[in-house]
Amino acid sequence: MIAGTLCFLIGVYDLFAGVRAHVPPHLEWVGDYIPGAVESLARTATVIVGMLLLLLSHALRRRKRRAWEAAVLLLSLSVVFHLVRGLFVVPALIGAVLLGLLVYYRGEFYASGDPRTRWRAVWVFCLMVGFSLLFGLAYIRFNHHHLAMAYGLTDRLEEVVLGLVGITGPVVFDSAARAAFGATTLGALGLLTALVTAYLLFRPAKPVPSHDAEDERRMRDLLRRHGARDSLGYFALRKDKSVIWSPTGKACVTYRVVAGVMLASGDPLGDPEAWPGAIHAFLDEAARHAWVPAVMGCGELGGEVWTRESGLDAIELGDEAIVDVGGFTLSGRSMRNVRQMVTRVERQGYEARLRRVADVSAEELADIEAQAGAWLGRETERGGFSMALGRIGAPGDAACAVATAHHEGKLAAVLHFVPWGEDGLSLELMRRDRAAAPGLNDFLIVYALRHAGELGVRRLSLNFAVFRSALERGERLGAGPVLRVWRGILLFLSRWFQIESLYRFNAKFGPTWEPRFIVFPHRRDWPRIAFAAMEAEAFLTFPHPDLGRLRRLVGR
């Protein structure tokens, strides 16, 4: 962390030193023959080194070996360029000290690189272009006394943008040396941005993190033998998750790497006696890449094994709503609202069906999937990491179940369930036509609970309610001030993340609440893990440009 911070500060200094115009006296004579040659080249190189050090600082904090190699080279160049630019002893000395520390502690930088993705090219391009624009505007601003006239923001921005592609803009300097440095630096930054982006975009990519057909076969075998232990077990079969096995092959952990966090979900698959082997393999992989290990939504048994075997800590994240199919009834005062909603929907002529996917034709499954996608529209499906499968009717998913609601022969709503052992189902998708009657989801869940026994199902897992206990206890008589404040924060966040509404929806069906936990190394990692978890669950989304279109444009 210290090395990364120092690297960042040196990078900032190099950029700032490049912005401020200064020609050392002992190099002024060079300008009589080649205006700005040595000074411009040295300062341009300093700016480029500074930008690259900024980009590498985060990877150094994560102990990446390739970042260490690049930083050693760049710091060596930085020291040389500072000396060439005018015997700047202090920054050269600081760079030399950091260089020596990096070489001395080279064994601390052991982490392998992260899995390659094409998106890194997009983010690096945006970052470098942003740096270049800020640098160019700052350079013009710091040298405004040396401009031929007063220029507006539009002219300055045009000068910078054109300079990045090697074209002279409207801004004129009164000094050939300053003009040469500005043009040289902007052109070099533009060329560097293009080369780095092209390298990241067109380099051979490693496979997207996933499991292969053999891994899936082995995981399905574990689910057949041990799948009844965890309602989230079937979600390990998502195609965007990687898998790591215990030495015996009797257990595994599935995960995804998000923002430097190695994020697992649910309990490990397989025999609990083999869980420690899979957990240690998971932690070894995280240490090898300097990822932060974390687990979202594990059960009580899983949390106990994780904390015992790994030394990690755990806190309660929320509760899973589980309904006993045999004991479910609409009778009683507590079910009055649900009963009235279901009766109203039935009177409007809606009908429902509950079937295994194996009993649904391929044409109808395709129509269900198409309609579900159309109802979602441009919105992002949330909860897509721990409690969503992301597909309907795929090969191997014949044991899944689908509940559909119809009105006058037209599909109006759909629920999709994944197997939970031999006698359970876990809800993974709930969509409806927005033009359909209110309460259609309640109607369909009640229908599924009433008829699940016909499929041999005795228990049904509904949605996960984050921080349910805090919401419930915080509204009780006698709740303390801390609990009330925490509940107020959750209610405020519910405006965007539907925390309270999801809890209220689940509570209507009288479920049994099963606690779920999040496992983490240190409290200082909470912000990073929270960010990764929210991104994995699609609570935080980022724009995804069309790289295929970008390649076609580049080809033209």
For this output row, return yes or no: ring centroids of Trp526 and Phe520 closer than 6.0 angstrom.
-> yes
Atom pair CG/CG of Leu237 and Leu223 - distance to nearest 0.5 Å | 5.5 Å
Test the Arg432-Trp375 pair against the cation-pi criterion, namely NZ or CZ under 6.0 angstrom from the six-membered ring centroid and within 45° of the ring axis.
-> no
Search all heavy atoms of Asp212 against all heavy atoms of Asp215 and return the closest pair with its distance.
-> OD1-N, 2.8 Å
So CG of Asn463 and CG of Asp319: to nearest 0.5 Å the spacing works out to 13.0 Å
Shortest non-hydrogen pair, Met296 vs Ala533, comes out as SD-CB, 3.3 Å
Side chains of Gln371 and Asp367 in contact at under 4.5 Å (non-hydrogen atoms) = yes
Determine, stepwise, if the pair Arg229 / Asp267 fulfils salt bridge (charged side-chain N to carboxylate O under 4.0 Å, His left out).
-> CA-CA 9 Å; Arg229 295 183 180 276; Asp267 294 341; over 6 Å; no
Where do Lys239 and Glu216 land on the salt bridge (charged side-chain N to carboxylate O under 4.0 Å, His left out) test, with the steps shown first?
-> CA-CA 9 Å; Lys239 297 299 183 181; Glu216 181 165 336; 2.6 Å; yes
In Å, rounded to the nearest 0.5 Å, how long is the span from CG of Leu502 to CZ of Phe505?
-> 8.5 Å
Could you check Arg458 against Asp423 for salt bridge (charged side-chain N to carboxylate O under 4.0 Å, His left out), going step by step and ending with a plain yes or no?
-> CA-CA 6 Å; Arg458 297 189 298 107; Asp423 60 354; 2.4 Å; yes
Mind checking whether Ile315 and Phe517 have side chains closer than 4.5 Å, heavy atoms only?
-> no
Close side-chain approach of Cys400 to Pro419, heavy-atom, < 4.5 Å | yes
Are the side chains of Trp275 and Leu269 in touch, meaning some heavy atoms are under 4.5 Å apart?
-> no
State whether the number of non-hydrogen atoms from other residues, nucleotides or ligands found under 6.0 Å of Arg355 atom CZ is greater than 12.
-> yes
Step-by-step side-chain contact (heavy atoms from CB on, under 4.5 Å) determination, Ser461 to Leu427 = CA-CA 6 Å; Ser461 171; Leu427 178 63; over 6 Å; no
Might you point out which heavy atoms bring Val519 and Ala314 nearest each other, and give the distance in Å?
-> CG2-CB, 4.1 Å
Trp420 versus Asp230, side-chain donor and acceptor atoms under 3.5 Å | no
Looking only at heavy atoms, the pair that brings Gly393 and Leu365 closest together is CA-CD1, 3.9 Å
Would a 4.5 Å heavy-atom cut-off, applied to side chains only, mark Val446 and Phe509 as touching?
-> yes
Gap separating the CZ atom of Arg504 from the CZ atom of Arg468, nearest 0.5 angstrom = 11.0 Å
Could you check Trp513 against Asn506 for side-chain contact (heavy atoms from CB on, under 4.5 Å), going step by step and ending with a plain yes or no?
-> CA-CA 10 Å; Trp513 297 103; Asn506 291 333; 3.6 Å; yes
Value for OG (Ser265) from NZ (Lys241), rounded to nearest 0.5 Å, stands at 3.0 Å
Take Val402 and Val414, measure what side-chain contact (heavy atoms from CB on, under 4.5 Å) needs, and give me the verdict at the end.
-> CA-CA 7 Å; Val402 59; Val414 60; 3.6 Å; yes
Inspect the contact between Glu422 and Arg224 and indicate whether a charged nitrogen and a carboxylate oxygen are less than 4.0 angstrom apart.
-> no
Just by distance, do the side chain of Trp291 and the backbone of Met262 share a donor-acceptor pair under 3.5 Å?
-> no
Looking only at heavy atoms, the pair that brings Ala412 and Tyr350 closest together is CB-CE2, 3.8 Å
Can we say Arg459 and Asp324 salt-bridge, meaning some charged N sits less than 4.0 Å from an Asp/Glu carboxylate O?
-> no
Using a 4.5 Å cut-off on heavy atoms from C-beta on, say whether the side chain of His451 contacts that of Arg353.
-> no
Begin from the C-alpha positions of Ile489 and Phe492 and carry the test side-chain contact (heavy atoms from CB on, under 4.5 Å) through to its verdict.
-> CA-CA 5 Å; Ile489 294 174; Phe492 176 76; 5.6 Å; no
Side-chain atoms of residues 297-308: list all donor-acceptor pairs with protein atoms under 3.5 Å, sequence neighbours left out, distances to 0.1 Å.
unit_1	atom_1	unit_2	atom_2	d
Thr307	OG1	Gly303	O	2.9
Thr307	OG1	Glu304	O	3.1

Are Val323 and Thr512 side-chain neighbours, meaning at least one heavy-atom pair lies under 4.5 Å?
-> no
Spacing of CD1 belonging to Ile529 relative to CD1 belonging to Ile518, to within rounding of 0.5 Å | 6.0 Å
State, yes or no, whether a side-chain contact exists between Leu429 and Arg431 at a heavy-atom distance under 4.5 Å.
-> yes
All salt bridge (Lys or Arg N to Asp or Glu O under 4.0 Å) counterparts of Asp525, not counting sequence neighbours | none
Could you tell me which non-hydrogen atom of Ala448 sits nearest to which non-hydrogen atom of Leu354, and how far apart they are?
-> O-CD2, 3.8 Å
Excluding sequence neighbours, so at least two apart, what forms salt bridge (Lys or Arg N to Asp or Glu O under 4.0 Å) with Asp397?
-> Arg220, Arg391
Regarding His416 and Glu428, is there a side-chain donor-to-acceptor distance under 3.5 Å anywhere?
-> yes
Could you check whether the rings of Phe282 and Tyr255 sit parallel, tilted or perpendicular, using 30° and 60° as the cut-offs?
-> perpendicular
Does Arg225 come within less than 4.0 Å of Asp221, counting only side-chain N to carboxylate O?
-> yes
Side-chain donor-acceptor pair present, Arg516, Ser231, cut-off under 3.5 Å | yes
